Amino acid sequence: MLQHPAIVPLVIVEGFLGGGHRIIWGDFEQHLQEGSSSLRPVFFAKVGAVSSLHDRACELYYDLVGGTVDYGEEHSRQHQHKRYGRTVFKGLYPHWSTEYPLHFLGHSMGGATITKLQHLIKHGHFGSSADPDMLLSVTSISTPFRGTQVVYALGERVDAAPLVRRFSVGDLLSKFVHVGAYLNPLLPDFLDIWRLEVRSLAFHETSVLDFLRQLWQSDFAQSRDVAPWDVTFAAAEERDNNMEGEPNARTFYKSFAAVMTQRSGSNNHRPTFKHILSMPLFILSNLAGRFDFSSLRPVPSFLKNRLHGRVRANPNCQSSPYSLGEEFFANDGVAPLFSQWHPLECATARCQHHSTLSECNPSVKCSALEPGIWHVYELPDTTHTSLVPFWWSTERQQTFWKKHGCWLDEVDILHCIEV
């Protein structure tokens, strides 16, 4: 019989094209443990590097408890792939339950994968034994919960997503993914990041002709069951309409929203020059900071709700049709600020925005120790990869992990008191 753990393990879920695990995350655990009263187990979950949030959430669940991944009959039929995926013979935490819950931390799409998992659990996807309370805490870092304009800059069509512009970065990336999936059976374990077996893309399951056809125009990359679609504003609106990410009353939530830009005329933003060494993020940040939201079709509801007053009065007005705040243009090189806060509009979500991350003081109750509400912390002068996943051993990284270890300790104490 297992004793109730005083220290709840932490599960880390990586984002798009993730899979480096401890190789790139580095020595963060040393600083996490400095903030903890006891040694805290840390697990890296294995999920598809380019898979949809639904598929990633299913893979996350079975990576923890073990068993054969079940993507669901309806979902698999709708998206035309096999229902069952890999069999995990030994889960990372087989006794995961409300009595033995887990802490979760997700970077980028990893955060949205976690909220998708909790949503699927809530709606019975994994059976009656799974309960949303099994997630004791959820922490997101630079997560585009509500979409990002960067996906359009990389190739997604603003007027016809999920279609991708020919020879765009997104199109070239899809070709790379197809080559990786085709050769996957021959790759070493540390390169096995795709989790695309259910789509029969490997060389022993598809013909050379089909492989070449997919290289020319990928059915997978232009579907609604892939990561790029899930970070479009249209997909995010579908999740909002389904109330995905609505806080669970007994789960503790924190989000960290990074910004590497400054205001540059009107509400547009541009990255500060100090980040020019992060050239890909610098370029993407520039594009995101001056994105034309009025080009989006269909028009997302968050834009309709911000239709400029004078345009309401005069539909023929030639000025910008939308009145958008800086939070739509400020970004970390991948995700706009508003999208990193939390799922759902602030008017719908239970949220509290904090100006700074307070020091850890065990004698003072932390303001973020209230379950069922998103506690949001903004990180100025921070890129999408400043904090995680790449380990630079900066003072900011060390301090973050130490404070996070302290916060997890406090949540553990409250959980033990309740049970």
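Keep in mind the model is a prediction, meaning the values are calculated, not measured.
Here Arg22 pairs with Glu29 in a salt bridge; the nearest charged N to carboxylate O distance falls below 4.0 Å. At a threshold of 4.0 Å, the pair Lys116-Asp230 does not count as salt-bridged, since none of the basic side-chain nitrogens sits closer than that to a carboxylate oxygen. Salt bridge status for Arg350 with Glu370: absent, with no side-chain N to carboxylate O gap under 4.0 Å. Under the 4.0 Å criterion applied to side-chain N and carboxylate O atoms, Lys46 and Asp192 are not assigned as salt-bridge partners. Under 4.0 Å is where a charged nitrogen must lie from a carboxylate oxygen, and between Glu205 and Arg199 no such pair does.
Aromatic ring centroids of His375 and Trp407 lie 6.0 Å or more apart.
Note: His342 and Trp374 have tilted aromatic rings, judged against thresholds of 30 and 60 degrees for the angle between ring planes. A tilted orientation is assigned to the rings of Tyr61 and Trp96, their planes being inclined by 30° to 60°. Using cut-offs of 30° and 60° on the angle between ring planes, the pair Trp25 and Phe28 is perpendicular. Below 30°, between 30° and 60°, or above 60°: for Phe302 and Phe233 the angle between ring planes is above 60°, a perpendicular geometry.
Looking at His79, His81, His54 one by one, the single match for ring pair (Phe, Tyr, Trp, His ring centres under 6.0 Å) with Tyr71 turns out to be His81.
Within the 4.5 Å cutoff, side-chain heavy atoms of Trp401 are placed close to those of Val388. Asp332 has its side chain out of reach of Leu379: every pair of non-hydrogen atoms, C-beta onward, lies at least 4.5 Å apart. By the 4.5 Å heavy-atom criterion applied to side chains, Leu172 and Val169 are not counted as neighbours. In this structure, Phe211 and Val179 have side chains that are in contact, with non-hydrogen atoms separated by less than 4.5 Å. Thr68 is not listed as a side-chain neighbour of Tyr62, based on a closest heavy-atom distance of 4.5 Å or more. Residues Pro380 and Val259 are not in side-chain contact: their nearest non-hydrogen atoms beyond the backbone lie 4.5 Å or more apart.
The two atoms that bring Tyr152 and Arg165 nearest to each other are O-NH1, 3.1 Å, heavy atoms only. Residues Gly35 and Asp409 come closest through the heavy atom pair O-OD2, 3.9 Å. Summarising the geometry of Tyr253 relative to Asn248, their closest heavy-atom pair is OH-N, 2.8 Å, with the distance given to 0.1 Å. Residues Pro101 and Leu136 share a closest heavy-atom pair of CB-CB, 4.0 Å. Here the shortest heavy-atom pairing between Trp229 and Pro162 reads CE3-CB, 3.8 Å. Of all heavy-atom pairs between Val164 and Ala221, the closest is CG2-O, 4.1 Å.
No side-chain donor-acceptor contact under 3.5 Å links Thr251 to the backbone of Pro247. When atom types are taken as modelled, the side chain of Gln149 and the backbone of Ala288 share a donor-acceptor pair closer than 3.5 angstrom. When atom types are taken as modelled, the side chain of Gln397 and the backbone of Ser386 share a donor-acceptor pair closer than 3.5 angstrom. No donor-acceptor pair under 3.5 Å is formed between the side chain of Lys402 and the backbone N or O of His31. Not a single donor-acceptor pair under 3.5 Å links the side chain of Arg270 to the backbone N or O of Asn286. Of the possible donor and acceptor atoms, one in the side chain of Arg239 sits under 3.5 Å from a partner among the backbone N and O of Phe145. With hydrogens and angles disregarded, no donor-acceptor distance shorter than 3.5 Å links the side chain of Glu244 to the backbone of Pro343. The backbone N or O of Ala335 lies less than 3.5 Å from a partner atom in the side chain of Gln340, making a donor-acceptor pair. Judged by distance alone, the side chain of Glu237 and the main-chain N or O of Ser301 form a donor-acceptor pair under 3.5 Å. Although no hydrogens or angles enter the test, the distance criterion places no donor-acceptor pair under 3.5 Å between the side chain of Gln352 and the main chain of Ile373.
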**Prompt:** Between Leu120 and Cys58, is a side chain to side chain contact (heavy atoms under 4.5 Å, CB included) present by the stated rule, with each step listed?
**Reply:** CA-CA 9 Å; Leu120 291 178; Cys58 294; 4.3 Å; yes
**Item:** Test side chain to side chain contact (heavy atoms under 4.5 Å, CB included) applied to Phe16 and Val50, step by step
**Value:** CA-CA 6 Å; Phe16 181 68; Val50 296; 3.6 Å; yes
**Request:** Output, in order, the C-alpha distance, side-chain angles, deciding distance and verdict of ring-ring contact (aromatic ring centres under 6.0 Å, His included) for His404 and His103.
**Result:** CA-CA 11 Å; His404 193 58; His103 294 297; 7.8 Å; no
**Step-by-step salt bridge (Lys or Arg N to Asp or Glu O under 4.0 Å) determination, Arg224 to Glu238** = CA-CA 12 Å; Arg224 292 175 175 244; Glu238 290 180 3; 3.2 Å; yes
**Request:** With ring-ring contact (aromatic ring centres under 6.0 Å, His included) as the test, would you mind laying out the steps for His354 and Tyr377 before giving the verdict?
**Result:** CA-CA 5 Å; His354 305 268; Tyr377 297 91; 4.7 Å; yes
**Message:** Apply side chain to side chain contact (heavy atoms under 4.5 Å, CB included) to residues Phe203 and Leu186 and explain how you reach the verdict.
**Reply:** CA-CA 10 Å; Phe203 66 85; Leu186 303 176; 3.6 Å; yes
**Request:** For Thr139 and Phe256, run side chain to side chain contact (heavy atoms under 4.5 Å, CB included): C-alpha distance rounded to whole Å, both residues' side-chain angles, the deciding distance at 0.1 Å, then the answer.
**Result:** CA-CA 8 Å; Thr139 300; Phe256 294 90; 3.7 Å; yes
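For the 3.5 Å distance criterion, the side chains of Glu378 and Trp341 qualify, holding a donor opposite an acceptor. Looking only at atom types and distance, the side chain of Asn331 has a donor-acceptor partner in the side chain of Ser285 under 3.5 Å away. No hydrogens or angles considered: nothing links the side chains of Thr98 and Asp133 as a donor-acceptor pair under 3.5 Å. When only modelled atom types and interatomic distance are considered, Glu14 and His21 share a side-chain donor-acceptor pair under 3.5 Å. Under the 3.5 Å distance criterion, with hydrogens and angles disregarded, a donor-acceptor pair is assigned to the side chains of Ser108 and His384. The closest side-chain donor-acceptor pair between His75 and Asp225 falls under 3.5 angstrom. A donor and an acceptor atom, one from each side chain of Asp70 and His125, are nowhere located under 3.5 Å apart. Judged purely by distance below 3.5 Å, without hydrogens or angles, the side chains of His178 and Ser218 pair a donor atom with an acceptor atom.
Taking CG of Leu105 as the reference point, atom CD1 of Ile141 lies at 4.5 Å (rounded to 0.5 Å). Here the NZ-SG distance, from Lys403 to Cys406, works out to 10.0 Å after rounding to the nearest 0.5 Å. Atom OG of Ser295 is separated from atom CZ of Arg157 by 12.0 Å, given to the nearest 0.5 angstrom. Residue Asp240 holds its CG atom at 5.0 Å from CG of Leu344, rounded to the nearest 0.5 Å. Atom CD of Gln80 and atom OG of Ser223 lie 9.5 Å apart (nearest 0.5 Å). Between Arg290 atom CZ and His269 atom NE2 the span is 14.5 Å, to the nearest 0.5 Å.
With a 6.0 Å radius and a threshold of 12 heavy atoms from other residues, nucleotides or ligands, Ile23 has its CD1 atom at or below the threshold. The number of heavy atoms from other shown groups lying within 6.0 Å of CZ (Phe176) does not exceed 12.
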